[in-house]
Amino acid sequence: MKPKPVKGMNDILPEVSATWQYLEGVVREIVQSYGYSEIRLPLVEHTELFKRSIGEVTDIVEKEMYTFEDRGGESLTLRPEATAGMVRAGITNGLLYNQRQKLWTAGPMFRRERPQRGRYRQFHQFDIEALGYAGPDVDAEMIIMSSRIWSRLGISRLELEINTLGVPEARARYRDTLVEYFTSVKSELDQDSIRRLDQNPLRILDSKNPDMQGLIEAAPVMLDFLDDESAEHFDTLKALLDAAGVRYTVNPRLVRGLDYYNRTVFEWVTDALGSQGAVCSGGRYDGLVEKLGGKPTPAIGWAMGIERFVDLFEASGGTAPADDADVYVVAVGDGAVNEAFALAEDLRDRIAGVRVEMNLGGGSFKSQMKRADKSNARYAVILGEQEIADNKAGFKPLRSDEQQASVARAELAPMLASKIGKPLTAGQ
RNA sequence: GUGAGCAUAGCUUAAUGGCAAAGCUCCACACUGUGACCGUGGCCGAUGCCGGUUCAAGUCCGGCUGUUCACCCCA
C-alpha cells in the first residue's frame, strides 16, 4: 500500500520549486527595498489568539482551523493566517513599545477547506505588515509596493479594488441599516444570504448569485455612513495612488472575511485563475493590537497567496530563469575520479556562483556524456587517462558548434568564467 | 459543507461487453574515449478499492476512496 499525502497538502516538486524560489526572491528583494525586515514566526499559536483576532463567527474560526489539544492540555491551532501571529510577536517582544515596525514573513498557513485550484489545506503566503503607522501614506505605499511586484514580473491580468470600512462605530451603524434593509426583503433572499443576515451581513453584498444582484444594487452603501476622518483618509489614499499612476476601482462591496479590518481594504483580483481570483489582499486593522493586549497601535498589512501567485505568473507566460548546471564533470577511469573531484571543488572555489555538477555513480564514457547532455549543462569538462597524464582537461561545449578544446588545468577556471559570464572570486 | 465530471504503465493517451495497447521517459546495444538525431532491444500494469449483472467487465450497475471543476469561502 502506497503512502498517501494528506488531502489538500501538496509536494512542491523540483520543476515547480525553481519558479517558487525565483518569485520568492523577487518579492523579498522588492519588499526589502521598501525597508521591511523579515520576522520568522511559529506555525502554531494558542487557539484563543485566532479567535480573538479573526473573529469567533468567521468561517475560518468556525470550521476551517486545525485545532488540537497538546499533551499539556492546551488548545493550539495551526495558523490559518499570519497577521495574528505577527501582532502577537510584536506585543510579546516589545517591538511596539514606542516603536514602529515594518515587517514581512512567509510560510505555510493551514485551513481545512475543500481543495480546488488555488485553494489548498496547506498553502503559502507572503505577509507584509506595517505596525505603528496611521496612514494613509503607508496604505498607499503598501499598494504601490504590490503593484511593483506585478510590473517587475510582467503580470498584467490583475486589477486593484479598494474600499474603506470606516471606523468600527460607522461600520456598526451601517451594519444595522443593512440588516434592516435585507430583513425587509427577506422573502426574496437566497439561502446563503439568509444565513449571512445573522452571521455576517456585509458578506451578502459579495454574493455571486445573479438573482441577488438587483437587491444588492438597491442596498444602502457604506460610503454614506462613513465618518469624516475615514472619508478624508480614503480620499488622500486615492490621491496618492492617482499620483503614483496606480489604477484602481472603488468597490463599495469589498468586505473582508476577517473581523479585524477597518478603513482601508484592498484586493488584487484576476480572472485568469478560475474561481479563486484573489491573489493578494489586505487592509488596515487599527484596533487589533489593543484588542490583543498591546497599547493602541495603528497598523496595516496584506498577504499574497504564493500558489496563486505562481499560477498567475505562469498563466501570464512567465518562466523562471533556468537553474541548470554550467558545467558537468566527466571522469573516466578509476584514477580520474579523485582528480575530477579536486577539479570540481577548484572551480567552485574560483568562480563565484558557478554551478558544477560532478558525474556520480561512474559509468562508461558514453553514459557519462549522456548524463552531461541531459543535465542541460552548457559545457562538459572531461578528465581521462590522457588528460591526467598531460595535466590538462577536455573542455567541450554541449550547446553550440564550438570545437572541443584541450586546456591546461590552471587555465580552466578563467576560461569557464569568461564563457559563462560569472566573475572569478577575489584573492585567487 | 453541497453539486457535477473524471480515475488504464513514472507521464500522455488507446482498446463496438470478447487475448489490455501505443507514444514519451528510463536502461542497454549499434558505436570497446565523445551526448543530441535515427535504428534495435529491454524495464514497467494484476485497468484506484469493494461488491453486483454476464458465458465473458477496463467497458454496464451500486458503494467507497482519490482527484478536478463549480458553489461556498478566501490567499
_Between the base of B:A75 and the side chain of A:Glu113, is one N or O donor paired with an acceptor at under 3.5 angstrom?_
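Present.
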
*Distance-only donor-acceptor test, A:Glu387 side-chain atoms vs B:G33 base atoms, 3.5 Å*: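 Yes.
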
Which of the following nucleotides, [options], is nearest to the side chain of [X]?
| X | options | value |
| --- | --- | --- |
| A:Lys7 | B:G33, B:U67, B:A75 | B:U67 |
| A:Lys370 | B:G33, B:C73, B:A36 | B:A36 |
| A:Gln125 | B:A75, B:G33, B:G35 | B:A75 |
| A:Asp373 | B:A28, B:G35, B:U67 | B:G35 |
| A:Ser281 | B:C72, B:A75, B:G3 | B:A75 |
| A:Ser275 | B:C73, B:A70, B:A75 | B:A70 |
| A:Arg308 | B:G35, B:C73, B:C74 | B:C74 |
| A:Lys396 | B:C73, B:G35, B:A28 | B:G35 |
| A:Arg114 | B:G33, B:A4, B:U34 | B:A4 |
| A:Gln116 | B:U34, B:C72, B:C26 | B:C72 |

Span that lies between the [atom1] atom of [M] and that of [N], in whole angstrom:
| N | M | atom1 | value |
| --- | --- | --- | --- |
| B:U34 | B:G45 | P | 36 Å |
| B:U2 | B:A56 | P | 38 Å |
| B:A46 | B:U8 | C1' | 12 Å |

Using a cut-off of 4.0 Å on non-hydrogen atoms, how would the nucleic acid contact of [X] be classed: base, sugar-phosphate, or nothing?
| X | result |
| --- | --- |
| A:Gln368 | nothing |
| A:Val332 | nothing |
| A:Glu81 | nothing |
| A:Gly118 | base |
| A:Phe126 | nothing |
| A:Ile382 | base |
| A:Glu62 | nothing |
| A:Glu307 | nothing |

*Run through A:Phe126, A:Trp302, A:Tyr36, A:Tyr34 and flag the one making a ring-ring contact (aromatic ring centres under 6.0 Å, His included) with A:Trp104.*
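Single ring-ring contact (aromatic ring centres under 6.0 Å, His included) partner of A:Trp104 among A:Phe126, A:Trp302, A:Tyr36, A:Tyr34: A:Phe126.
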
*State which residue, out of A:Trp150, A:Tyr22, A:Phe123, A:Trp268, fulfils the ring-ring contact (aromatic ring centres under 6.0 Å, His included) condition with A:Phe309.*
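Testing A:Phe309 for a ring-ring contact (aromatic ring centres under 6.0 Å, His included) against A:Trp150, A:Tyr22, A:Phe123, A:Trp268 leaves exactly one candidate, A:Trp150.
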
*If pairing requires Watson-Crick or G-U wobble contacts with both distances under 3.5 Å, which nucleotide is the partner of B:C71?*
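Per the H-bond distance test, B:G1.
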
_Separation of atom CD in A:Glu385 from atom C1' in B:U32, rounded to whole Å_ =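 Value for this atom pair: 14 Å.
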
Does any donor atom in the side chain of [X] or [Y] lie under 3.5 Å from an acceptor atom in the other side chain?
| X | Y | result |
| --- | --- | --- |
| A:Arg157 | A:Thr270 | no |
| A:Gln122 | A:Tyr66 | no |
| A:Tyr328 | A:Asn376 | no |

*5'-most contact on RNA chain B: A:Lys366 or A:Lys374, nearest heavy atom basis?*
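Of the two residues, A:Lys374 wins.
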
*Start with the C-alpha gap between A:Arg371 and A:Asn359, add the side-chain angles, then the distance that decides, and say whether side chain to side chain donor-acceptor pair (under 3.5 Å) holds.*
CA-CA 8 Å; A:Arg371 290 175 192 154; A:Asn359 181 73; 3.0 Å; yes

